[in-house]
Structures are given as structure tokens and as C-alpha cells.
Amino acid sequence: MIRRFTLGSPICTDAVVLEVPSEGIEGFPFSHRIGNGEFVFSFDMEKDEIVYGLGEAIRGINKRGWLYRSYCSDDPIHTESKHALYAAHNFLMHGKTGIFIDFPAEIRWDIGYSHANETVVTICGTDFDIYVITQDTPLAIVKEFRSLIGQSYVPPFWAFGFQQSRWSYHNAEAVQNVIRSYDEANIPLDCVYLDIDYMERYKNFTVDREAFPDFEGLVQEAKANNIHLIPIIDAGVRKEEGYSVYEEGRDRGYFCKLEDGSDFEGGVWPGIVGFPDFLRPEVRAWFGEKYRFLTDMGIDGFWNDMNEPAIFYSKKGLANALTEAQELQGVDLDLGKFFHLKDVFMGLANNPADYASMYHEIDGKKVNHQRVHNLYGASMTRAAGEFFEKEFGKRKILMFSRSSMIGAHRIGGIWFGDNHSWWAHILQCLKMLPSANMCGFLYCGADLGGFSGDSTPDLVLRFLALGVFTPLMRNHSALGTRDQECYRFDNTDDFRDVILVRYRLLPYLYSLFVRASEENDLLFRPLSFDYPDDPIARECETQLMLGDACMIAPVYEQNANGRTVYLPEDMTFVKLSGERVVKESLSKGLHYVEVALNEVPLFVKKGKSIPLCKPAMRTALLDLEAVEYLEG
Ligand code: MIG
């Protein structure tokens with residue numbers, strides 16, 4: 001059962017696809033109060049009750065014991081002490097109750113942080129819808145919630161192939177070299193990414209013709225080899241006279257504004273940019289149409305970045321900071337003044353004052369950015385997605401975004417942003433998968449091998465062994481870090497063994513994915529969904545159920561030859577490596593299982609079986625009919 005409660009006049013987010021009549025706020029079943037322009041509600045939790053939800057967020061599958069913040073943030077250091085990542089996925093559930101807050105500004109979630117058995121939710125505004133779902137099981141709550149928000153995006157089949165990225169493959173030769181190196185190493189590959197350096201001065205919808213003189217030729221050559229090139233698009237549009245995208249945006253008044261009606265100007269990679277007001281349908285149509293520049297050249301996949309939006313500095317913020325610095329010129333700085341000055345400069349990026357100085361236009365009215373902050377990235381996704389669907393139909397174009405809000409799950413996927421080459425981030429990715437699925441984001445994954453920092457071959461391999469199961473399977477790393485393509489290390493064979501497993505599993509994974517989208521189901525479930533009465537399964541956050549036949553349990557520690565795994569029932573332990581399959585029957589309970597670096601561990605339930613095809617170097621070359629069955 002779904003009930004809808006409304007306060008004020010909510011800004012339309014298009015997150016929901018079902019019409020649910022509103023009951024106003026009077027009957028809202030949680031204790032609540034309004035004050036200081038905020039709405040605060042709370043509920044008690046049983047001592048051992050699990051609280052699920054919040055999608056892409058730090059910490060555990062069970063969200064208890066921390067403060068979370070729905071406020072899309074470009075924060076590249078994903079440690080436990082943070083509160084917000086790039087997304088705002090405002091769905092939470094406990095017991096028989098699911099709660100979805102349809103609201104585009106900040107929300108704070110104190111989930112047993114201040115008081116162990118109490119959740120306090122602060123909505124920073126007084127215009128919103130809250131949907132309250134009642135069902136008997138967590139899965140039933142999720143399914144009903146997902147029917148409320150509509151079917152999840154399904155990418156083309158090739159987007160399930162292995163993908164290689166790096167910031168940046170600077171020129172055509174670098175791209176060709178990646179493809180050639182994978183081919184020479186006999187490691188399957190379907191996509192190579194173009195990060196910001198393919199553009200001319202970081203201008204969206206341009207190509208740097210010095211670095212990529214025959215871009216069209218490069219795309220076609222790759223395509224003939226069944227490789228898709230996937231360029232990045234950033235939210236900001238570089239301010240440059242003579243650059244048509246900028247001039248059109250400016251002349252038509254399509255950029256976000258300051259209070260006085262002039263364009264808000266922020267600094268990001270391209271230098272000073274205008275931020276398209278993606279919340280306006282005509283701006284979405286305009287920006288979406290721009291992708292044609294690349295689709296006309298044969299491009300059929302994109303990733304949208306920097307759309308929280310990330311702002312390194314605003315013109316005004318930088319000017320103020322420089323004035324402060326000038327005033328301190330020649331002054332004997334005490335520690336206080338020194339740290340203050342440092343903070344002024346450190347605080348330039350993603351500064352709340354800048355966001356608060358930005359305005360959108362909604363139905364002809366000026367709306368402050370802070371009131372709709374979390375809708376920005378989702379609206380950029382929508383700009384692109386609406387164009388792709390109109391132009392090419394469904395399942396043709398790969399698209400995923402860094403920032404997201406529920407609703408965007410219908411038009412694109414997400415990646416989990418700038419993680420680190422840390423062992424802890426294997427588990428962090430694992431924990432986000434079921435939570436993101438609950439919120440409708442099925443096509444997702446983390447930067448395998450880790451984005452920031454230097455990786456090691458064993459970390460990349462263990463990360464990949466989880467990535468074998470994530471819909472987006474992409475190795476990506478930051479500028480200046482150690483190269484981590486699969487052919488960079490001595491033990492190339494190990495990498496081939498792991499990635500071949502992905503291709504063998506593709507018929508299974510893709511059909512599971514399509515079904516999960518059609519049936520509003522999860523791809524990944526916490527063990528507690530399936531074994532609610534098993535105390536060990538309930539607490540397990542290092543393993544996941546996958547579909548109705550399997551359980552996954554990646555190795556996530558360095559120098560480990562395996563791991564301890566908990567089997568909530570008798571299962572068949574399978575080690576997949578290249579085309580080799582080693583099976584062992586294991587009984588319910590705790591086991592230490594050995595897993596070599598070139599092996600992918602998988603647990604298949606008794607009586608279940610999954611199809612495996614022969615591997616191939618590309619998804620397009622797979623024979624999807626010739627499958628053998630892996631019996632549990
Ligand atoms: O400020 O385009 O998350 O994947 O490689 C960094 C460069 C901008 C952030 C993305 C990352 C990408 C990088 N971008």
C-alpha cells in the first residue's frame with residue numbers, strides 16, 4: 001500500500017510515475033514538527049531492526065549509526081567520516097515501512113546517530129511529497145516503491161562488456177594503443193573512454209583536432225573492431241566568444257543566473273563556464289540536441305560528469321578571496337589569520353554561498369538553486385536521455401552520470417564517482433550495489449582498480465572479480481596515478497582469466513538485468529532479505545545475493561589467499577577462471593575458501609543452474625545460444 005502526504009506546493013521532480021492521491025499532511029503517521037523553514041520527523045526503531053536505503057551513500061547496507069546528507073556533492077575522498085556523495089536517493093525503509101521523500105533540496109538523516117534507536121529526518125524545506133509504503137517484507141516494499149518510480153534504464157547489451165578508461169587517453173594513438181594492447185594480450189574489451197582531453201579546451205561538443213585529427217575515422221575504425229568509444233560531457237559550458245554552444249546558451253538566457261539576472265559564472269575544467277539550466281524543458285531539449293555532434297560521428301555512449309554541479313570557484317568567490325589575501329599583504333599573520341586565509345581558499349570549491357547565489361527558472365519563476373540542488377545532475381541526464389530516446393529509441397545509447405536523483409534511474413545509469421585504489425573501496429562498492437538497486441539504479445558500478453592513488457595488480461584483480469558481476473564493469477583511474485590497464489602488469493594471464501569469466505556470464509547477467517528492470521526487482525540483495533531469521537546472514541555485509549540462484553563473495557583484503565564466507569544454506573562453491581570451472585559442495589555455515597588472484601568465486605544454490613557461454617573478445621562475437629549449464 002502506498003500513501004502520499006504533501007506539505008506546501010512541491011516543485012515537480014518527475015521522480016514518480018504513478019498517480020497517488022495526496023492526503024495532505026494531517027494523517028502523516030510519524031511524529032513531526034515544522035520550524036525554521038524545515039520539516040522534521042522521527043520514528044523509533046527496534047533494537048535489532050535493519051534500516052535499508054539511501055542508494056549511493058557511504059558506510060553500510062544497514063544505515064544505522066550515522067548521519068547522512070542528501071546533497072549531491074563532488075567530494076573525491078570517500079571515507080567513513082563523510083556524509084554525502086554525488087547522489088540524493090531519498091528512499092529509506094525499516095520493518096514493514098518504506099519512506100520516499102520526493103524533494104529536490106537538502107535532507108539530513110540521523111539514523112540512530114544521536115539516539116541509538118531513533119531516526120530523525122530533517123527536510124530543509126516545507127514543500128514536498130512523502131510516500132509511505134507498507135508491505136510485509138523488504139523486497140515487497142522495494143518492489144512497490146519501484147513501481148511508484150517506474151522501470152529502470154536498460155543499456156545496450158554491449159555496455160555489459162568490459163570497459164577501459166583513464167583520465168586521459170590524450171590522443172588518437174593513445175586510444176588505438178589501448179585497443180591494440182588489449183587485443184595483443186587477448187583480453188576481451190568492448191569500450192574505451194575519452195575523458196576531458198578529447199575536447200578542445202574542455203568545450204563540450206567539440207573535438208581537439210590536433211590530438212584527434214580524424215576523430216570520425218577513429219570512431220569508425222574502433223567500431224569496425226566492435227569497440228565503442230565513450231566520450232565524457234561536463235555540465236559547464238566554457239565561456240568563449242565564437243563558441244556556438246556558449247553563445248547560444250548566453251543569448252537565449254539558458255544559463256543559471258545570479259539574483260540580478262546576469263549569468264552565474266563559475267570556474268571548472270574549461271575555465272569560466274555557464275551552467276545550463278537543465279531544469280527547463282527547452283534547455284534540456286537544446287542541450288540534448290547538442291549530443292548529435294557526437295552521435296553523428298558514430299558515438300553511441302556517454303558519461304555525464306561534474307553535474308552536482310561541481311564548481312571549483314565562482315568569479316565572485318575568487319574575487320573576495322583575493323581581496324582578503326591582498327588586505328593581509330605585509331601583515332604579520334598569526335596562526336588564526338593564516339588558517340582563516342587558507343580556509344578561504346580551500347572553501348572556494350562547491351561553496352554553499354555560491355550555490356545560494358544561483359537561480360533557475362521554473363514555470364517562468366525564479367527559484368534559488370539551493371531549493372533544487374539535487375535535481376541538477378538528474379536533469380542533465382534527462383537532457384541527454386530524452387534526446388537519445390527520441391532519436392534512437394530504447395537500449396541504443398549507453399549513458400550514465402555521476403550525480404543523480406531518483407527519477408534519473410529511468411533514463412541512465414550511474415557510476416560511484418572518484419573512489420580510491422584502496423582495499424576498503426571494494427567493500428564500499430559492494431555495499432552500495434543493493435542500496436542503489438533499491439532506489440532504481442540498476443546500471444551502476446565503481447571505478448575498478450580505484451580512481452585516485454596508485455593501484456597494485458592484486459587490487460585491480462580483486463576489484464575486477466567483483467566487477468565481473470556489476471552491470472558497469474569499467475577500469476578507470478585518475479591522471480598521474482599508476483597505469484592500471486589489465487595489460488600493464490606482469491601477470492596479464494590472470495587478468496584475462498578474470499575478464500573471460502565476465503563474458504561467459506553475460507547471457508545470464510544481461511537477462512537477469514532486463515528482468516530486474518521489467519519486474520522492478522533487485523539484481524543484488526543483502527543476505528538479510530533472503531534469510532531474515534538467520535542471525536549471521538542478517539549481519540553479513542561482505543556478500544550479496546545475485547538473482548535467485550547465486551551468492552557472491554569477493555576477496556577484499558590484500559595478501560589474502562581467500563576469505564571466510566558464510567553459507568546460509570548448502571551451496572556449490574564455484575571457482576571460475578578463464579574457461580575453467582572448479583566446483584565444490586559446501587554445507588551451510590562458515591567456511592574459509594581459497595581463491596587465487598585469477599579466480600572469480602561464485603556460490604550457486606542447490607537445484608539452481610546458470611548458463612555459461614563460450615567467451616569471446618567482444619560481446620558482439622559471443623554465441624549466446626551455445627550455453628552450458630553450471631549446476632548448483
Ligand atoms: O575533477 O574528467 O569523476 O571520473 O576522470 C575531476 C576528469 C573531473 C571527475 C570524474 C572522473 C574523471 C575526472 N573528473
Side-chain angles (χ1 to χ4, degrees), residues 56 58 72-78 82 84-87 163-171 174-175 178 191-208 211 229-238 266-273 275 294 301-314 346 348-351 376-377 380-381 398-404 412-422 425 428-429 432 443-455 463 467 470 472-485:
E56 182 189 293
I58 31 108
C72 299
S73 303
D74 168 26
D75 182 338
I77 305 179
H78 307 171
K82 297 301 171 69
L85 294 177
Y86 311 88
Q163 317 187 3
Q164 182 61 56
S165 184
R166 180 167 174 87
W167 176 19
S168 276
Y169 300 127
H170 277 96
N171 53 33
V175 172
V178 173
C191 303
V192 177
Y193 279 69
L194 301 173
D195 207 317
I196 47 177
D197 298 285
Y198 79 88
M199 294 183 253
E200 183 189 79
R201 293 189 289 285
Y202 303 140
K203 290 184 294 188
N204 284 328
F205 316 114
T206 69
V207 166
D208 178 347
L229 302 187
I230 317 289
I232 196 170
I233 301 292
D234 279 5
V237 173
R238 177 177 159 93
V268 207
W269 292 110
I272 294 296
V273 301
F275 289 101
L294 289 153
F302 298 89
W303 48 316
N304 284 346
D305 191 20
M306 307 299 275
N307 50 4
E308 293 71 29
I311 305 176
F312 296 161
Y313 63 89
S314 68
M346 299 293 286
L348 281 175
N350 306 324
N351 190 308
Y376 192 78
M380 181 188 182
T381 304
L398 167 62
M399 201 222 349
F400 57 95
S401 168
R402 194 169 72 177
S403 183
S404 65
I414 51 173
W415 91 101
F416 298 150
D418 299 344
N419 63 0
H420 272 74
S421 295
W422 291 338
H425 277 180
Q428 170 158 312
C429 168
M432 280 199 263
Y443 190 78
C444 54
D447 289 349
L448 302 173
F451 177 74
S452 303
D454 292 333
S455 204
F463 235 129
T470 62
L472 169 65
M473 185 190 190
R474 183 178 77 142
N475 177 337
H476 180 48
S477 58
L479 195 69
T481 60
R482 180 182 185 182
D483 291 323
Q484 63 185 46
E485 291 84 1

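As the structure lists them, so they are numbered: ligands from 1, and atoms in each ligand from 1. Predicted, not measured: the structure shown is a model, and the values here were computed from it.
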Interfacing atoms of ligand 1 (cut-off 4.0 Å, heavy-atom, Ile232): 2 (O)
Heavy-atom donor-acceptor pair, Asn304 side chain to Ala235 backbone, under 3.5 Å: no
Taking 4.0 angstrom as the limit and counting only heavy atoms of Met306, give me the atoms of ligand 1 inside it, by number and element. 1 (O), 8 (C)
Closest approach of any protein heavy atom to atom 1 (O) of ligand 1, naming residue and atom: Trp269 NE1, 3.0 Å
For the residue pair Gln163 and Tyr193, confirm or rule out a side-chain donor-acceptor distance under 3.5 Å. yes
Quick test: of every protein heavy atom, which one is nearest to atom 4 (O) of ligand 1, and how far off is it to 0.1 Å? His476 NE2, 2.9 Å
Under 4.0 Å to a heavy atom of Ile196 - the qualifying atoms of ligand 1, by number: 2 (O)
Distance-only, no hydrogens or angles: does the Gln484 side chain make a donor-acceptor pair with backbone N or O of Gly450 under 3.5 Å? yes
Shortest protein heavy-atom distance from atom 11 (C) of ligand 1, along with the residue and atom involved: Asp418 OD1, 3.4 Å
List for me each residue that meets side chain to side chain donor-acceptor pair (under 3.5 Å) alongside Asn171, sequence neighbours excluded, and say none if there are none. none
Using a 4.0 Å heavy-atom cut-off, say whether Trp303 meets ligand 1 through its side chain, its backbone, both or neither. side chain
Should you measure from each heavy atom of Phe451, which atoms of ligand 1 turn up under 4.0 Å away? 4 (O), 5 (O), 11 (C)
Mind checking whether Phe451 and Trp167 have parallel, tilted or perpendicular rings, split at 30° and 60°? parallel
Under 3.5 Å, N or O to N or O, is Arg402 touching ligand 1 that way? yes
His420 vs Trp422 aromatic rings, parallel, tilted or perpendicular, using cut-offs 30° and 60°? parallel
Give the atom numbers and elements of ligand 1 that come within less than 4.0 Å of a heavy atom of Trp415. 3 (O), 4 (O), 10 (C)
Say whether Asp197 and Tyr202, considering side chains only, have a donor N or O and an acceptor N or O under 3.5 Å apart. yes
All salt bridge (charged side-chain N to carboxylate O under 4.0 Å, His left out) counterparts of Asp234, not counting sequence neighbours: none
Nearest neighbour in protein (non-hydrogen) for atom 5 (O) of ligand 1: Asp195 OD2, 2.6 Å
Proximal atoms of ligand 1 relative to Asp305 (non-hydrogen, under 4.0 Å): 2 (O), 3 (O), 8 (C), 9 (C), 10 (C), 12 (C), 13 (C), 14 (N)
